[in-house]
Amino acid sequence: MRRWPLFALVGWTAFVWLGRVRNGGSLLLAASFLVLAALALWRRGHWITALAGWTVAVWVVRTPMILADHQSGAFKAVHTVLAVVSIGLAITAQVHVQRQREAPAPAARL
């Protein structure tokens, strides 16, 4: 079983949201991502789906707000890249989970 989509999403999530904490951002929002990432890594299954869904939902709401805000072009560019990579990894991880759920179970060896 390939696990790189899960590890990529969890690693990227930790990178993004620990950086947000370091830069003085919202602890509650960052904590929600970090807890979901830990649960996805530890328990997998539906937690990966929860992390992927939360990732897409937050970035779909926040990106237009960031772009409309009075920030520098560099700030907007960096956050757009963070959003695109985050959403791409979330979709990749979810597609991987869905394919595993739909795959036939391996035959038992006798």
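What you see is a predicted model, and the numbers here were worked out from it, not measured in a lab.
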Check: V16 and F33 side chains under 4.5 Å, non-hydrogen atoms: no
Is the closest side-chain heavy-atom distance between H79 and R62 below 4.5 Å? no
Nearest-0.5 Å distance, [atom1] of residue [X] to [atom2] of residue [Y]:
X	Y	atom1	atom2	value
T92	I87	OG1	CD1	11.5 Å
I66	K76	CD1	NZ	10.0 Å
L34	L39	CG	CG	11.0 Å
R20	R22	CZ	CZ	12.5 Å
L41	L36	CG	CG	12.5 Å
L82	F15	CG	CZ	7.0 Å

Please list every donor-acceptor pair under 3.5 Å in which a side-chain atom of residues 4-14 meets a protein atom from a residue at least two apart or in another chain.
residue, atom, partner, partner atom, Å
W12, NE1, S86, OG, 2.8
T13, OG1, L9, O, 2.7

Looking at R101, I want to see if its CZ is surrounded by more than 12 non-hydrogen atoms of other residues, nucleotides or ligands under 6.0 Å. yes
What are the two closest heavy atoms between [X] and [Y], and how far apart are they?
X	Y	answer
A90	A52	O-CB, 3.5 Å
A83	T63	CB-OG1, 3.3 Å
V97	G45	CG1-O, 4.4 Å

Verify same cluster id: [X], [Y] (apolar side-chain graph, 4.5 Å):
X	Y	result
V21	V58	no
V84	W59	no
V60	V81	yes
W42	V35	yes

Those residues that, when tested against T80, pass side-chain hydrogen bond (donor to acceptor under 3.5 Å, both in side chains) (two or more places apart): none
